[in-house]
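One structure is given here, and the rest of the page talks about it.
As the structure is a prediction and not an experimental result, all values here were calculated from the model. The figures here come from the full heavy-atom set of this structure, side chains too, leaving out hydrogens, waters and symmetry mates. Below, read A as the first sequence line, B as the second, and so on, with proteins coming before strands; counting in each chain starts at 1.
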Amino acid sequence: MNASTSPGTKTHARHPLKPKKVFGAIFENIAVLLVVIFLFLPIFWITLTAFKDNQDVYSISLLFHATLENFKTIFSSSFQLGNFYINSLIVVAFTLLITIPISVLASYSLSRYIIPGKQYIMFGILATQFIPLIVNVIPFFIIFRNWGVLDTTLALIIVNLGHTVPYAIWLTKGFIDRIPIDVEEAALIDGASRLRILWSVLLPLAKPGIITATVFCFVITWNEFMFALILTNREAVTLPVALSYFIGEEGVQWNLMSAAGVTFILPAVIFMLIVRKQFVQGMTSGSVK
Amino acid sequence: MSNRAYKYALLTPAILLIALTTVYPLIQSFWISLHSWDLTRSINIESFVGLDNYIRAFSDTQFWNSVLVTLIFTASTVIATIVLGFCVALLLSKEKKHLSFLRAILIIPFALSPALVGYSWRFMLNPDYGLFDRIIGFLIPPLSDVVWLGSPTTSMIALVSVVVWIWLPFMSLMLISGLMGLPEEVFEAAAVDGASKWAILTKITVPMMKPILLIATILMTMFTLKAFDPVVTLTQGGPGTSTEVLNFLIYKTGFRYFDMGYSAALGYILAIITVGFVVFYMRSLNKGGGWN
């Protein structure tokens with residue numbers, strides 16, 4: 001993704017500016033600007049709205065008296081966003097703690113060993129994600145009700161694992177495939193055990209891939225909405241579902257919802273920005289070789 | 001531990017986990033789909049009816065409406081995202097500083113929760129105080145009186161736009177990294193031969209990008225068929241049933257009408273449709289030799 005390291009772009013040697021070229025360049029810049037407006041205006045607008053009071057919310061003027069009141073309100077006892085935040089954090093933390101080690105071990109095995117029917121295993125792992133997840137919600141609902149764990153974070157952790165593990169395996173396998181096998185062989189000749197090699201030779205090299213997988217799984221789990229909507233109703237409600245609490249009988253409290261939205265997306269956006277380079281590489285290497 | 005035991009020991013936990021969290025419920029779900037079961041009447045699975053639920057779907061107008069809605073929604077979303085994504089990728093894949101910065105922040109929208117995005121667009125499309133409603137009305141005056149979420153067609157346009165909005169950055173990034181990986185020499189040779197920009201695009205760039213475009217299409221079709229959060233938060237399937245995609249109908253049947261058997265059967269029908277699509281695309285991909 002890095003501009004300086006990527007080869008194949010098509011800039012031509014500079015010629016004296018011809019009218020046609022100038023026109024083309026202007027057109028191009030306008031197009032880029034439109035893309036930016038389309039993609040970032042909504043984010044900008046929600047962020048602004050989060051700082052507006054009840055009156056300014058309905059005006060589209062950029063001049064308004066900014067306030068932090070909304071943020072205080074959403075964390076107060078009447079909305080208790082803190083509780084939902086904690087629920088979300090618990091679900092994400094445990095899902096990742098289970099997903100990442102299990103997936104890394106599996107992708108190491110799939111990357112380095114001859115396993116009969118490996119192609120089918122890889123395809124089968126991905127194929128589970130073709131299935132619309134709504135089909136699985138019904139049996140989960142029944143199973144969890146029988147176990148008495150409906151409306152608990154445990155239920156959400158279990159269902160999330162079903163889609164984080166396959167993605168994480170695909171992502172990390174793509175990375176491990178690209179690590180030269182010689183490094184491990186050298187360590188093996190030096191008499192290191194397999195586990196030792198995995199831990200101290202391979203893991204550091206595979207770190208970018210593992211980080212990518214972690215962030216990706218973080219984002220899908222953090223934003224997971226359907227399971228949370230159906231399997232929780234009071235105790236274990238997570239942030240995306242809690243957004244609907246700002247829709248009341250007398251309408252939607254957009255400024256409060258925006259404030260909640262901003263605090264909700266902030267961690268995901270920050271993580272995403274930190275690992276964006278590896279992330280895009282990882283996402284494409286998983287599907288394209 | 002022998003090598004043989006070792007490789008399976010590493011793999012087993014993951015396979016076991018996937019089996020328990022995906023395959024097992026899937027089998028359960030199929031079993032439920034063969035029963036008539038009203039959850040409000042009984043908390044235990046009720047009478048076995050064989051394939052009745054599947055047969056019922058074929059004479060259910062709501063189901064057919066939903067199939068049609070899903071087709072329109074999926075086709076428009078996938079086409080719009082891939083075409084726009086390719087245009088954006090062509091625009092942003094040049095070696096310029098500001099473009100490199102744009103590529104870097106393009107990932108931000110992808111991190112946003114689709115549920116929040118749905119609500120946000122509902123806010124911005126509000127006919128009284130919505131920002132986008134005002135902008136659209138300003139740019140194209142005849143559209144200033146449109147209540148976007150108020151009529152079937154405009155509501156579908158809004159829903160498609162939102163899902164395109166969600167996936168466009170990611171698809172663009174995928175296509176950008178594809179474009180930037182194409183060999184430079186081919187383009188230089190074509191430029192030396194005096195090929196026009198259009199000829200280069202259609203005769204070289206698009207054919208070379210075909211495998212990546214196909215994978216992007218497969219992924220996008222899967223994502224769109226699964227779209228749920230934007231439907232719930234933006235349109236609730238309405239007005240009427242005009243944006244009621246299959247995914248939402250399954251949810252409504254199961255968790256609003258508590259008709260579990262029928263809901264599970266509809267789920268299976270959607271699964272079959274999805275798998276059908278994927279297999280179809282994979283075949284065309286295999287012809288190009290792009291899959292692994």
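A parallel orientation is assigned to the rings of F110(B) and F216(A), their planes being inclined by less than 30° (bins at 30° and 60°).
For E188(B), there are no side-chain hydrogen bond (donor to acceptor under 3.5 Å, both in side chains) partners at least two apart in sequence or on another chain.
A side chain to side chain contact (heavy atoms under 4.5 Å, CB included) with Y251(B) holds for exactly one of I134(A), V137(A), I138(A); it is I134(A).
Distance alone, capped at 3.5 Å, is enough to place a donor-acceptor pair between the S29(B) side chain and the V135(A) backbone. Side-chain atoms of T22(B) do not come within 3.5 Å of backbone N or O of T128(A) as any donor-acceptor pair. K7(B) places a side-chain N or O within 3.5 Å of a backbone atom of I114(A) that can act as its donor or acceptor partner. The backbone N or O of Q129(A) lies less than 3.5 Å from a partner atom in the side chain of K226(B), making a donor-acceptor pair. A donor-acceptor contact shorter than 3.5 Å links the side chain of W165(B) to the backbone of F38(A).
Interatomic distance, D229(B) CG to L229(A) CG, rounded to the nearest 0.5 Å: 9.0 Å.
Only the side chain of I18(B) comes within contact range of chain A, with at least one heavy atom under 4.5 Å from a heavy atom of that chain.
Ring centers of Y8(B) and Y113(A): at least 6.0 Å apart, outside the cut-off.
By the 4.5 Å heavy-atom criterion applied to side chains, L91(B) and E28(A) are counted as neighbours. Side-chain contact between Y24(B) and I143(A) is present, with heavy atoms from C-beta onward closer than 4.5 Å. Between F123(B) and W45(A), the closest side-chain pair of non-hydrogen atoms falls below 4.5 Å.
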Q) After noting the C-alpha distance and the side-chain angles of I135(B) and L41(A), does the key distance pass the side chain to side chain contact (heavy atoms under 4.5 Å, CB included) rule? A) CA-CA 11 Å; I135(B) 294 176; L41(A) 195 59; 3.6 Å; yes
- [ ] Show your working on side chain to side chain contact (heavy atoms under 4.5 Å, CB included) between T274(B) and I131(A) and close with a plain yes or no.
- [x] CA-CA 7 Å; T274(B) 315; I131(A) 313 293; over 6 Å; no
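Contact annotation for residues 237-245 of chain A against chain B (heavy-atom separation below 4.5 Å, listed by residue number): P240(A), L243(A), S244(A).
Applying the salt bridge (Lys or Arg N to Asp or Glu O under 4.0 Å) definition to pairs two or more places apart or across chains, none involves residues 113-133 of chain A.
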Report, one line per pair, each donor and acceptor closer than 3.5 Å where one atom sits in a side chain of residues 114-121 of chain B; sequence neighbours left out.
| residue | atom | partner | partner atom | Å |
| --- | --- | --- | --- | --- |
| S120(B) | OG | L116(B) | O | 2.6 |

